[in-house]
Number of protein chains: 2
Amino acid sequence: MISQKAKYALRALIALARAENPGDVLLISDIAERQRIPKKFLEQILLDLKHHGVVVSRRGKLGGYLLLKKPSEITFGEVLRIIDGPIAPLPCLSRMAYRRCEDCAEEEACEVRRVFARVAAATRDVLDGTTIADCIMGEVRDEARALIA
Amino acid sequence: MISQKAKYALRALIALARAENPGDVLLISDIAERQRIPKKFLEQILLDLKHHGVVVSRRGKLGGYLLLKKPSEITFGEVLRIIDGPIAPLPCLSRMAYRRCEDCAEEEACEVRRVFARVAAATRDVLDGTTIADCIMGEVRDEARALIA
DNA sequence: TAATACTCTACCGTTCCGATAGAGTTAATC
DNA sequence: GATTAACTCTATCGGAACGGTAGAGTATTA
């Protein structure tokens with residue numbers, strides 16, 4: 001299960017990517033309200049994304065948030081790693097935070113590890129291969145499809 | 001991340017599947033010791049697997065555990081669902097424990113859900129497609145390969 | 001009846017999750 | 001330069017989950 005926090009982060013980024021004119025700032029309050037995210041909670045999330053160079057903010061009156069990276073360069077995997085930490089199903093399969101399993105005799109021979117390595121690979125394929133831009137485009141494509149139908 | 005408990009469960013089942021003569025009972029203590037699992041914790045796990053019809057036990061002297069299902073009929077997915085609960089990355093994608101996301105306007109339009117549906121499908125493919133027998137056989141194949149080389 | 005091994009329920013310390021609170025800082029406007 | 005609007009940062013909190021321990025109870029065999 002991914003955390004609620006990661007879900008909020010992704011939804012906030014999608015909202016930012018969808019902003020009318022690229023370069024427009026969005027208020028935390030507006031995102032929070034439209035996406036039904038507790039405002040103070042969203043503040044922390046956006047701050048975190050800012051510290052990791054995904055978004056930037058302007059302070060004071062007329063302040064707000066906007067994307068720093070292009071939507072096509074923000075992957076789901078990146079966001080999840082920032083918010084939730086390692087994606088791998090076992091610590092001994094994590095790239096960003098490898099940790100040996102204490103109770104495992106030899107890693108290479110571990111049957112459980114072998115199976116979950118396949119899960120990890122498949123998961124990474126999807127998450128590192130899908131960007132914020134992708135899921136917005138998917139929507140546009142669906143709208144087009146609906147118009148044609 | 002899968003839980004430590006699930007990892008233990010899988011390792012215990014692999015140990016049972018590997019028992020010398022099919023039908024031999026294994027002591028909790030023996031499995032615990034050989035797999036470095038806290039004994040009392042393993043008791044709970046095996047009991048749980050028993051309640052779900054994966055293993056059976058004999059009590060008293062000469063007691064112990066053995067598999068009820070064939071190794072080729074016990075999938076990783078089944079074990080994980082028993083021990084850890086739903087596998088799906090979002091409650092709204094779970095088959096065994098579907099729950100609507102409170103904060104999601106329309107499920108069908110949810111971009112996050114769409115992406116994670118692909119993760120869920122890929123994960124299920126592996127976990128429901130891999131059995132205890134598979135990972136023991138894999139090992140045998142590796143040994144054979146080593147002998148040939 | 002003694003010994004052995006599984007069965008069941010309760011509990012416990014720690015960490016994580018989701019969220020809230022509030023004081024502080026920056027920037028625009030009047 | 002005071003006011004207001006907005007982000008920034010740190011602390012805290014209640015509840016649940018995780019990993020594990022404890023111990024009394026029950027069945028089976030010798």
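Letters A, B, ... are given to chains in the order of the sequence lines, protein chains preceding strands, and every chain is numbered from 1. Just so it is clear, the structure is predicted and the values come from calculations on it, not from any experiment.
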- C:dT7 phosphate, OP1 or OP2, under 4.0 Å from B:Ser57 side-chain N/O: yes
- Query: Over how many whole Å does the gap from B:Leu49 atom CG to C:dC6 atom C1' extend?
  - Reply: 14 Å
- Task: State, with a plain yes or no, whether a side-chain heavy atom of A:Ile132 is found less than 4.5 Å away from one of A:Lys69.
- Result: no
- Task: Check if the side chain of B:Gln44 and the base of C:dT7 share a donor-acceptor pair of N or O atoms closer than 3.5 Å.
- Result: no
- Whole-Å gap separating P (D:dA6) and CG (A:Asp30): 8 Å
- Query: For the side chain of A:Arg58 and the backbone of A:Leu62, is there at least one donor-acceptor N/O pair under 3.5 Å apart?
  - Reply: yes
- Message: Under 4.0 Å between a side-chain nitrogen and a carboxylate oxygen: does that hold for A:Glu107 and A:Arg100?
- Response: no
- B:Ile83 CD1 to D:dG19 C1', in whole Å, measures 13 Å
- Task: State plainly whether the residues A:Lys39 and A:Glu33 are in salt-bridge range, i.e. N to O under 4.0 Å.
- Result: no
- Task: Using atom CD of B:Glu43 as one end and atom P of D:dG25 as the other, report the distance to the nearest whole Å.
- Result: 16 Å
- From CG of B:Asp48 across to P of D:dG20 the rounded distance in Å is 16 Å
- Message: Distance check needed: D:dA27 C1' versus B:Leu27 CG, whole Å only.
- Response: 15 Å
- Query: Taking for each residue the nucleotide of DNA chain D bearing the nearest heavy atom, is the 5' side occupied by A:Leu46 or by A:Lys61?
  - Reply: A:Lys61
- D:dT28 base / B:Arg59 side chain donor-acceptor hit below 3.5 Å: no
- Item | Side-chain N,O (B:Lys50) to OP1/OP2 (C:dT7) below 4.0 Å | yes
- Task: Report yes if a side-chain nitrogen or oxygen of A:His51 is closer than 4.0 Å to either non-bridging phosphate oxygen (OP1 or OP2) of D:dT8; otherwise report no.
- Result: no
- Could you give the CD1-to-P distance, from B:Ile28 to C:dC6, as a whole number of Å? 4 Å
- Query: If you take atom types as modelled and just measure distance, does the side chain of B:Lys40 reach the base of D:dG23 with a donor-acceptor pair under 3.5 Å?
  - Reply: yes
- Would one find a side-chain N or O of B:Tyr8 under 4.0 angstrom from OP1 or OP2 of D:dG20? yes
- Item | Given A:Arg18, A:Lys7, A:Arg11, the one that forms salt bridge (charged side-chain N to carboxylate O under 4.0 Å, His left out) with B:Glu111 | A:Arg18
- In whole Å, what is the span from the CZ atom of B:Phe41 to the P atom of C:dC8? 18 Å
- Does a distance-only test, which skips hydrogens and angles, find a donor-acceptor pair under 3.5 Å between the side chain of B:Lys39 and the base of D:dG20? no
